[in-house]
Amino acid sequence: MSIAIVDYGRGNLHSVSRAVERLGYEAVVTGDAQVIRTSSGVILPGVGAFGDAMEHLRSSGLDRVIHEVASAGQPLLGVCLGMQLLFTRGEEYGSHEGLNILPGEVVRFAPDLGVKVPHMGWNRLRMTQPEHPLLQGLEEGHVYFVHSYHAKPEVESDLLAVTDYGGPVTAIVGRGRVYGMQFHPEKSGEMGMRLLRQFLELAEAEKRA
């Protein structure tokens, strides 16, 4: 079973791939559409600005490939900015269209919250849907965040976990076989690796089905 790490020039590709390999799975860092389509699962990483990342996805044609993956029910995980790109639009340096796989917006932390921006450090997850297959059997724990913008899902059932930073902040989302984590699971110690393993096991189970 191989996991495709989408290479569009904007992501912590090798830290994610090393984490996947530490968990005993094959990771392929690739921008090849056919390799992505035929993988057992897909991880969309991301660092930097929303609009710039979307421009790179579109110019490479990988935005269409990600849509195909999601529509086909292939397990897909967005990480950090990669999670934000799953939403309808982002407001970082102007308004930019996202992949629109999950309805909602990505907005900057409001100044009146009285919190430091960027949000950087370890925060506790609170599971809003603890029986979801991605979270089932996991205890709440701390993970590592680095972000100045946060997602606001339009559909309540898409929200799987939050953290508190001046109020509830989207931490994990999911719909069907599409998932997203605002934090970096590969940098989040035991809790992050458990969550990454859960995704990989879901992808493995789907391949065997």
Side-chain angles (χ1 to χ4, degrees), residues 1-8 10-30 35-36 39-48 66 69-70 74-86 102 118-147 150-151 158-165 168-209:
M1 190 185 89
S2 65
I3 300 296
I5 315 294
V6 181
D7 183 1
Y8 62 104
R10 292 294 182 272
N12 290 329
L13 305 173
H14 297 291
S15 64
V16 175
S17 65
R18 285 194 297 269
V20 170
E21 290 168 352
R22 285 201 304 273
L23 292 169
Y25 294 84
E26 179 186 0
V28 180
V29 176
T30 182
V35 173
I36 295 169
S39 65
S40 304
V42 178
I43 298 179
L44 177 66
V47 293
I66 296 300
V69 163
Q74 199 172 342
L76 168 65
L77 173 64
V79 172
C80 197
L81 177 61
M83 184 202 85
Q84 296 181 359
L85 298 177
L86 298 174
L102 299 176
H119 171 206
M120 183 181 298
W122 294 85
N123 282 75
R124 189 175 184 83
L125 290 178
R126 176 168 61 83
M127 314 300 191
T128 55
Q129 297 190 52
E131 298 306 314
H132 189 279
L134 186 66
L135 308 177
Q136 199 164 31
L138 296 181
E139 295 182 1
E140 295 182 352
H142 289 74
V143 292
Y144 189 74
F145 292 86
V146 182
H147 61 126
H150 62 104
D158 291 343
L159 185 62
L160 304 185
V162 299
T163 193
D164 183 69
Y165 196 68
V169 174
T170 299
I172 304 177
V173 294
R175 175 186 290 194
R177 297 186 182 92
V178 175
Y179 312 95
M181 300 179 189
Q182 176 61 69
F183 50 91
H184 291 270
E186 78 281 10
K187 298 179 180 180
S188 295
E190 184 178 355
M191 183 68 187
M193 292 299 281
R194 284 180 178 177
L195 283 160
L196 184 56
R197 182 186 293 278
Q198 296 274 88
F199 168 74
L200 296 171
E201 288 178 350
L202 289 172
E204 186 175 29
E206 181 62 25
K207 183 174 179 63
R208 289 175 176 173

Next on the checklist: For the CZ atom on R175, are there more than 12 heavy atoms of other groups (residues, nucleotides or ligands in this structure) within a distance under 6.0 Å?
Outcome noted: yes

Checklist entry - Which atom names give the shortest non-hydrogen contact between M83 and A151, and what distance separates them? => result CE-CB, 3.7 Å

Checklist entry - Where is the tightest heavy-atom contact between F145 and A171, given as atom of each residue plus distance? => result CZ-CB, 4.0 Å

Name the atoms and distances for all side-chain donor-acceptor pairs under 3.5 Å in residues 17-27, with sequence neighbours left out.
| unit_1 | atom_1 | unit_2 | atom_2 | d |
| --- | --- | --- | --- | --- |
| S17 | OG | L13 | O | 3.4 |
| S17 | OG | H14 | O | 3.0 |
| Y25 | OH | E204 | OE1 | 3.0 |

Item to check | From L44, V6, I43, residue fulfilling side-chain contact (heavy atoms from CB on, under 4.5 Å) relative to V16 | outcome: I43

Next on the checklist: Please report whether the ring centroid of Y144 lies less than 6.0 Å from that of H184.
Outcome noted: no

Next on the checklist: Counting C-beta onward and ignoring hydrogens, is there a side-chain heavy-atom pair between V42 and I3 closer than 4.5 Å?
Outcome noted: no

Checklist entry - Which pair of non-hydrogen atoms, one from C80 and one from G46, has the smallest distance, and what is that distance? => result CB-O, 3.8 Å

Item to check | Heavy-atom check, side chain of V28 versus side chain of I36, under 4.5 Å | outcome: no

Item to check | Rounded distance [0.5 Å steps], CD in E201 versus CZ in R194 | outcome: 12.0 Å

Item to check | Which atom of S188 lies closest to which atom of F183, heavy atoms considered | outcome: OG-CD1, 3.9 Å

Next on the checklist: Between the side chains of E140 and R126, is the shortest nitrogen-to-carboxylate-oxygen separation below 4.0 Å, so that they form an ion pair?
Outcome noted: no

Next on the checklist: Is it the case that the side chain of Y165 and the backbone of N123 share a donor-acceptor pair, with hydrogens and angles ignored and the cut-off at 3.5 Å?
Outcome noted: no

Checklist entry - Are S39 and Q74 close enough that a side-chain donor and a side-chain acceptor fall under 3.5 Å? => result yes

Checklist entry - Would you say the side chain of L77 lies within less than 4.5 Å of the side chain of V178, judging by non-hydrogen atoms? => result no

Checklist entry - Are side-chain heavy atoms of V47 and L81 found at a separation under 4.5 Å? => result no

Next on the checklist: Using side-chain heavy atoms (C-beta onward) and a distance below 4.5 Å, is D164 in contact with V169?
Outcome noted: no

Item to check | P118 and H147, any side-chain heavy atoms less than 4.5 Å apart | outcome: no

Item to check | Minimum heavy-atom distance R124-T163, with the two atoms named | outcome: O-OG1, 2.7 Å

Checklist entry - Taking all non-hydrogen atoms of both residues, which atom of Q129 and which atom of L159 are closest, and how far apart? => result NE2-O, 3.0 Å

Checklist outcome for this item: Across all chains, not counting sequence neighbours, the side-chain contact (heavy atoms from CB on, under 4.5 Å) partners of L134 are H132, L160, I172, Y179, M181, Q198, F199, L202

